[in-house]
Every structure is written in C-alpha cells, then in structure tokens.
Amino acid sequence: MPGHEIKNVWMNATSSGYFATMSIPVLAGRDFNERDTPVSGRKIVLNQSAARMLFGKRNPVGQQLKSFGDKDTYTYEVIGLVRDAKYRDVREADPPGGYVAVSQEDIDKKPDYSLLIRIHGPAGPVAAALRDIVHRVAPDVPAPAITSMDALISRDLISERMMTMLAVFFAGCALLVTGIGLYGTLAYSTARRTSEIGIRIALGAQRLQVVRMVLKENLWIASAGVVVGLVVAVMTSKLLASFLYATSPHSPGVMALAAAVLAVVAGSASAIPAARAAMIDPAAAIRSE
C-alpha cells in the first residue's frame, strides 16, 4: 500500500484472456493464468490511470496493494499493466481501474457473471449454441441475455447519434439553401456586367478568359464568406461541445472538410453564370446599353 494512503480504484474480476478478448493491450507484466489460485496469493492488474495515481512514474509491476472492503481486507501483488479503457460510460474519462483474478474471488459473494466472446463472422449461430449449452448444463437457469458490444455502445450513444442525424439533415438543408443563394447572387452579379463582358469580347478577349475571370472573381467572394463562416464557427463551437463524442469542436479536419464542401458548392454555383457570360453576343450586349 504505497504511502499507506487510501485511494479509490474501480475493481473488476476477470479471467485469463479477458484483455485479448477486449483488445486491451498488456503494456507490462502478464495476464492472469491457471496458476493464479486462492492459495497462490492474490494478484491484480492495473490500468495506466491507476498505476499513475498510485505509483507515479515508478514501475507498478511487483508492487503491493491493499484493498479495503466492507468486511474483508486483501493484499494484492501487481502482476501487470494494461492500457486504459472505458468502464461504465463511453463519455467519461477512463477511470483508474484494477482487474483481479475471478479464480481467486469468493464465488458466493458475486451474484452473476458475464461471458465475453470475440467471434469472426455472424453472431447468430454462436448465440444459439451458447443458449443450447447453458440449457444442457443448467436447465433451471433462464436463457442468458446475449448482446454485442456494438449494440451496447449504440444504446449508450443513441442521443448523440440522433443529434448527429438531425444535424446532418439540417446541414444538408442549409447547404442546399446556400447553393441556391450563391447561384442567385453570382448570376445577378454577372448579369449586371453583361455590357462590360460584351465589350471585352468585342475587343478580343477569348471566351475562355471570360470564364476564368468570372470564376475567379466569384470564388474570391465565396472564399471571403467561407473565412467569415469559419471564424464564426470557431467562436460558437463551445455550444456544440456537449453534443460531440470523441470529436473536438475545433477539429482541423472537420473545419477543412466544411470549407472544401462550401468551395465546391461555390464553384458549382459560379459555373453556370460563367458559362453564360462566355456565350454573350458582343453586339447584343452593347446595344442593350
């Protein structure tokens, strides 16, 4: 017990193979094995947060810990160090945790257990086989509730996913309105320059040059709008932080993707006015003035 100071650590009773099944890397020491019995001395595996809290930068493997329960006190030897993992809520930070060998625990004090299986392929046949095995081994035990880790995570994140679906829907509507607005604005701006463009063509400007000129000027206008939009997005990003999971509201990748999508929309909205400008008849454009 380092420094005889009491600290809280989440405890979880597991068996050998748990870390491999859950894809939790063992960073130091070892996993539990068949030699970890009630008479071999109690063993514990710590995660990174628990090791850092209890031992600082020291190697936790080989250290001694003491656990205080309601009635019993146990001394554990640290045999391994594993990477941090979520415990009860995927939204919360990884808590300091310790794993003890279920083979060394008092079975009568633990009312139920969970069986974890990693499979490759359809889960249906495996679930049916598990129910059949349980029924044959213990006919009086109710059929176990079987669910996948993906289903558990999906159920835990249902509110975030609902908000994401709504956000994507409204973002699509906003993008459509933005595209229509950009097209209308740029088409009107280009139409007002009909006589200027006609004179340029009459003086020898190539139609491809006219297209480039209109696209360049329109894209400059759209780029200014994108920059202003990004500034506003960064300033208001804190309002969205509570709706995000494992994503930073200031993610450069997300910001870059949004800017790229808006640039594509702006370019598409500019293409039709630019093409129309290149088709202007110089004589008709000058006469219209």
Side-chain angles (χ1 to χ4, degrees), residues 1-3 5-38 40-67 74-105 107 110 112-123 126-127 130 144-157 160-161 244-248 250-254:
M1 185 171 63
E5 182 180 355
I6 297 177
K7 295 183 179 180
N8 293 323
V9 174
W10 286 103
M11 299 291 283
N12 195 8
T14 66
S15 62
S16 61
Y18 171 81
F19 302 117
T21 302
M22 296 298 292
S23 296
I24 301 176
V26 178
L27 305 177
R30 65 173 178 86
D31 190 1
F32 301 113
N33 56 42
E34 65 280 357
R35 294 190 297 274
D36 297 320
T37 63
S40 65
R42 291 180 176 268
K43 305 295 191 294
I44 188 171
V45 175
L46 299 178
N47 68 5
Q48 292 171 295
S49 296
R52 197 161 42 243
M53 180 182 71
L54 297 172
F55 301 104
K57 296 183 179 180
R58 289 183 294 160
N59 183 5
V61 178
Q63 303 287 343
Q64 299 290 318
L65 291 176
K66 187 167 288 188
S67 170
Y74 300 108
T75 299
Y76 292 92
E77 177 189 357
V78 181
I79 62 169
L81 173 68
V82 296
R83 183 174 295 172
D84 286 343
K86 301 297 180 183
Y87 192 78
R88 287 189 173 182
D89 193 330
V90 295
R91 303 174 190 83
E92 297 176 353
D94 302 334
Y99 303 86
V100 297
V102 69
S103 58
Q104 297 182 327
E105 297 296 303
I107 297 179
K110 190 170 179 60
D112 54 55
Y113 292 87
S114 297
L115 176 65
L116 300 175
I117 300 176
R118 176 176 290 274
I119 63 175
H120 300 281
V126 177
L130 284 175
I146 299 176
T147 186
S148 67
M149 188 63 65
D150 288 340
L152 289 175
I153 295 175
S154 297
R155 186 171 60 193
D156 200 31
L157 295 176
E160 284 83 355
R161 290 186 173 177
L244 301 176
Y245 168 69
T247 302
S248 169
H250 301 97
S251 173
V254 174

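Owing to the predicted nature of the structure, the values given are computational and were not obtained by experimental measurement.
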For a 4.5 angstrom cut-off between non-hydrogen side-chain atoms, does [X] reach [Y]?
X: F55; Y: L65; result: yes
X: V100; Y: R42; result: no
X: D84; Y: R52; result: yes

For [X] and [Y], which heavy atoms make the closest approach, and how far apart are they?
X: S154; Y: R161; result: OG-NH1, 2.7 Å
X: A85; Y: P95; result: O-CD, 4.0 Å
X: R155; Y: L152; result: NH2-CD2, 2.9 Å
X: A51; Y: L81; result: CB-CD1, 3.6 Å
X: P60; Y: L46; result: CB-CD1, 4.4 Å

List for me each residue that meets side chain to side chain contact (heavy atoms under 4.5 Å, CB included) alongside [X], sequence neighbours excluded, and say none if there are none.
X: T37; answer: V39, S40
X: R83; answer: P25, L27, Q48
X: N59; answer: V61
X: P122; answer: P125

[atom1]-[atom2] distance between [X] and [Y], expressed to the nearest 0.5 angstrom:
X: W10; Y: D94; atom1: CH2; atom2: CG; result: 13.5 Å
X: I117; Y: L130; atom1: CD1; atom2: CG; result: 4.0 Å
X: I24; Y: Y99; atom1: CD1; atom2: OH; result: 4.0 Å
X: Y76; Y: M11; atom1: OH; atom2: CE; result: 4.5 Å

Check: Within the distance-only criterion (no hydrogens, no angle test), does the side chain of N8 pair as donor or acceptor with the backbone N or O of P96 below 3.5 angstrom?
Finding: no
Margin query: I'd like to know if the side chain of Q104 reaches the main chain of K43, judged simply by a donor and an acceptor atom lying under 3.5 Å from each other, with no hydrogens or angles considered.
Written below: yes
Next item on the list: For R30, enumerate each residue passing the salt bridge (charged side-chain N to carboxylate O under 4.0 Å, His left out) test, keeping only those at least two apart in sequence or located in another chain.
Entry: D36
Check: Which residues satisfy the side-chain hydrogen bond (donor to acceptor under 3.5 Å, both in side chains) test with D31, sequence neighbours excluded?
Finding: none
Next item on the list: Could you pull out all residues at least two apart from T147 that satisfy side-chain hydrogen bond (donor to acceptor under 3.5 Å, both in side chains)?
Entry: none
Margin query: Applying side chain to side chain donor-acceptor pair (under 3.5 Å) as the test, list every pair that has at least one member in residues 14-27; sequence neighbours left out.
Written below: S23-R118
